[in-house]
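To keep things clear, I will list the structure first and then write my remarks on it.
The figures here come from the full heavy-atom set of this structure, side chains too, leaving out hydrogens, waters and symmetry mates. Here the structure is a predicted model, which is why all the values come from computation and not from measurement. In what follows, residues are counted from 1 in the order of the sequence shown.
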Amino acid sequence: MTGDFPPRLVDLLNPPTGVVALAATHLESGRTWRHNEHLRLPSASLIKLPILAAFWEAAEAGRLDPMERVSVSAEALRVEGTGVLKALSPGLQPAWSDLATLMITVSDNVATNLIIDRLGMDTIQGWIDKAGLAETRIERRMMDRTAMSAGRGNWTSAANIETLLSAVASGRCVSGEASGRMRQALEAQQIQDRLSRRLGDGVRVANKTGNFADVIHDAGIVSWPGGTLVIAVLTQGVRPVWRAMDAIAEIAGLLVLGSNRTA
């Protein structure tokens with residue numbers, strides 16, 4: 001554990017059951033908070049962040065036209081989990097950029113799998129490796145039960161997610177334009193039941209959640225008059241689930257308050 005931790009934050013980071021990992025930085029002051037930050041955990045939908053970065057890199061390199069229309073087949077719609085596309089009729093023709101937005105804003109698994117198939121998992125992992133995200137791996141499509149049964153999973157760490165989001169916040173993820181596109185999608189996030197819950201008026205949250213089985217995550221860029229906090233909170237095995245969600249919300253609130261005192 002590193003950083004200046006008040007007693008309540010120490011309690012939140014050491015729950016009676018499960019594990020909590022934290023990596024956060026107040027960009028203006030350089031103040032950091034770290035706990036279990038390099039622990040590799042199931043990524044759940046946080047893996048969609050490096051997928052998004054790889055998507056925009058491919059677009060900027062001309063390997064993919066983000067405005068090209070994609071016909072979504074009935075087969076593609078048969079994916080479990082989050083999203084809205086699976087509730088719509090086959091034959092819908094969104095643009096690739098629309099799918100990338102849906103992948104983030106409503107964590108759409110149909111959109112994610114279409115993008116994974118278009119890019120290829122090797123290309124996505126190549127971007128991850130090039131970015132130096134050593135604890136992050138993509139080994140399967142979303143909700144691929146066969147791959148899960150074979151022991152293949154998607155993995156990341158709080159430190160890796162914070163590194164990626166810090167690059168987005170500073171305009172260094174792929175490029176300034178790509179970073180802007182990524183942040184725009186994060187700011188349109190519809191799932192706001194964790195990081196943002198205990199933050200007051202005037203605070204903007206650009207975030208991505210993840211949850212699967214006993215895994216509950218949230219990570220984002222939190223901006224307010226006191227500066228910008230990049231934060232990733234990953235949890236596994238914290239019971240009950242609402243306790244993990246409450247912990248993420250309270251951790252974010254404590255760090256924003258602490259940053260205000262030192263900004």
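Within the 4.5 Å cutoff, side-chain heavy atoms of L254 are placed close to those of L12. Considering only heavy atoms from C-beta on, L39 stays 4.5 Å or farther from S157 through its side chain. Side-chain contact check for M142 versus F212: every heavy-atom pair is 4.5 Å or farther apart. Between N211 and D218 there is no side-chain heavy-atom pair separated by less than 4.5 Å. Contact of the I216 side chain with the R194 side chain is registered, since non-hydrogen atoms from C-beta on lie closer than 4.5 Å. When side chains are defined from C-beta on, L164 counts as touching P50, because their heavy atoms get closer than 4.5 Å.
Within 6.0 Å of CZ in R204 there are 12 or fewer heavy atoms belonging to other residues, nucleotides or ligands. Within a 6.0 Å radius of CD in Q184, other residues, nucleotides and ligands contribute 12 heavy atoms or fewer.
The closest side-chain donor-acceptor pair between S170 and R172 falls under 3.5 angstrom. Using a 3.5 Å distance cut-off with no hydrogens or angles, the side chains of R78 and S73 do not pair a donor with an acceptor. Between the side chains of R34 and T25, at least one donor N or O sits under 3.5 Å from an acceptor N or O. Counting only N and O atoms by type, the side chains of N154 and K48 include no donor and acceptor under 3.5 Å apart. Looking at T156 and S43, their side chains never bring a donor and an acceptor atom within 3.5 Å of each other. Side-chain contact, R118 with N113: no donor N or O sits under 3.5 Å from an acceptor N or O. One side chain, N160 or E135, offers a donor N or O that lies under 3.5 Å from an acceptor on the other. Between N207 and E187, the side chains place no donor N or O within less than 3.5 Å of an acceptor N or O (distance only, hydrogens not considered).
L229 contributes atom CG, which lies 5.5 Å from atom CG of L255 (distance to the nearest 0.5 angstrom). From W56, atom CH2 reaches atom CG of L64 across 8.5 Å, with rounding to the nearest 0.5 Å. Rounding to the nearest 0.5 Å gives a distance of 12.0 Å between CD1 of I47 and CG of L52. Atom CG of L102 is separated from atom OG1 of T82 by 11.0 Å, given to the nearest 0.5 angstrom. The CG atom of L77 sits 8.5 Å away from atom CG of L114, with the distance rounded to the nearest 0.5 Å. Here the CD-CD distance, from E37 to E162, works out to 9.0 Å after rounding to the nearest 0.5 Å.
At a threshold of 4.5 Å between side-chain heavy atoms, the hydrophobic network of Ile, Leu, Val, Met, Phe, Trp and Tyr places I221 and I191 in two separate groups. Both V19 and L234 belong to a single network of hydrophobic side chains, linked directly or stepwise wherever heavy atoms of I, L, V, M, F, W or Y lie under 4.5 Å apart. In the hydrophobic cluster analysis, where Ile, Leu, Val, Met, Phe, Trp and Tyr join through side-chain heavy atoms closer than 4.5 angstrom, L186 is grouped apart from V256. Each of W155 and M121 belongs to its own hydrophobic cluster when Ile, Leu, Val, Met, Phe, Trp and Tyr are linked at side-chain heavy-atom distances under 4.5 angstrom. Both M182 and L46 belong to a common hydrophobic cluster when Ile, Leu, Val, Met, Phe, Trp and Tyr are linked at side-chain heavy-atom distances under 4.5 angstrom.
When atom types are taken as modelled, the side chain of R40 and the backbone of A134 share a donor-acceptor pair closer than 3.5 angstrom. Side-chain N or O atoms of E139 include one that pairs as donor or acceptor with a backbone N or O of G153 at under 3.5 Å. For the pair H35 (side chain) and A21 (backbone), a donor-acceptor distance under 3.5 Å is absent. Judged purely by atom type and a 3.5 angstrom limit, Q93 has no side-chain atom pairing as donor or acceptor with the backbone of G91. Although no hydrogens or angles enter the test, the distance criterion places no donor-acceptor pair under 3.5 Å between the side chain of T101 and the main chain of A185. With hydrogens and angles disregarded, no donor-acceptor distance shorter than 3.5 Å links the side chain of D11 to the backbone of R8. In this structure, the side chain of H217 does not engage the main chain of A232 through any donor-acceptor pair within 3.5 Å.
Annotation: side chain to side chain donor-acceptor pair (under 3.5 Å) contacts of S166 (sequence neighbours excluded): none. For R198, the salt bridge (Lys or Arg N to Asp or Glu O under 4.0 Å) partners are E250, not counting sequence neighbours. Evaluation of the side chain to side chain donor-acceptor pair (under 3.5 Å) rule for R69 yields no partner, not counting sequence neighbours. With sequence neighbours excluded, the residues forming a side chain to side chain donor-acceptor pair (under 3.5 Å) with S175 are E60, listed by chain and number. In this structure D214 satisfies the salt bridge (Lys or Arg N to Asp or Glu O under 4.0 Å) test with no other residue, sequence neighbours excluded.
Shortest non-hydrogen contact noted between N109 and G81 is ND2-CA, 3.6 Å. For the residue pair I115 and F55, the shortest heavy atom distance occurs at CG2-CD1, 4.1 Å. Residue I251 comes nearest to V233 through the heavy atom pair CD1-CG1, 4.0 Å, listed as atom of the first residue, atom of the second, then distance. Considering all non-hydrogen atoms of both residues, M103 and T112 come closest at CG-OG1, 3.1 Å. Considering every non-hydrogen atom in both L165 and I231, the closest pair reads CD1-O, 4.3 Å. Scanning all heavy atoms of the two residues, the minimum distance from V205 to S196 falls at CG2-CB, 3.9 Å.
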Check against side-chain contact (heavy atoms from CB on, under 4.5 Å), K208 and Q189: CA-CA 7 Å; K208 180 73 195 78; Q189 176 60 247; 4.0 Å; yes
Decide yes or no on salt bridge (charged side-chain N to carboxylate O under 4.0 Å, His left out) for D117 and R141, but give the supporting numbers first. CA-CA 8 Å; D117 293 346; R141 300 163 84 243; 3.0 Å; yes
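Of the options V230, T136, L133, a side chain to side chain contact (heavy atoms under 4.5 Å, CB included) to T163 is made by L133 and by none of the others. Results of the side chain to side chain contact (heavy atoms under 4.5 Å, CB included) test with I51 over I116, I104, T123, I128 single out I116 as the only residue that passes.
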Considering only distance and modelled atom types, tabulate donor-acceptor pairs under 3.5 Å from the side chains of residues 236-248, sequence neighbours left out.
{"from": "R243", "atom 1": "NE", "to": "R239", "atom 2": "O", "distance (Å)": "3.4"}
{"from": "D246", "atom 1": "OD1", "to": "R197", "atom 2": "NH1", "distance (Å)": "3.3"}
{"from": "D246", "atom 1": "OD1", "to": "R197", "atom 2": "NH2", "distance (Å)": "2.4"}

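Taking the ring centroids of W224 and H26, they lie under the 6.0 Å cut-off.
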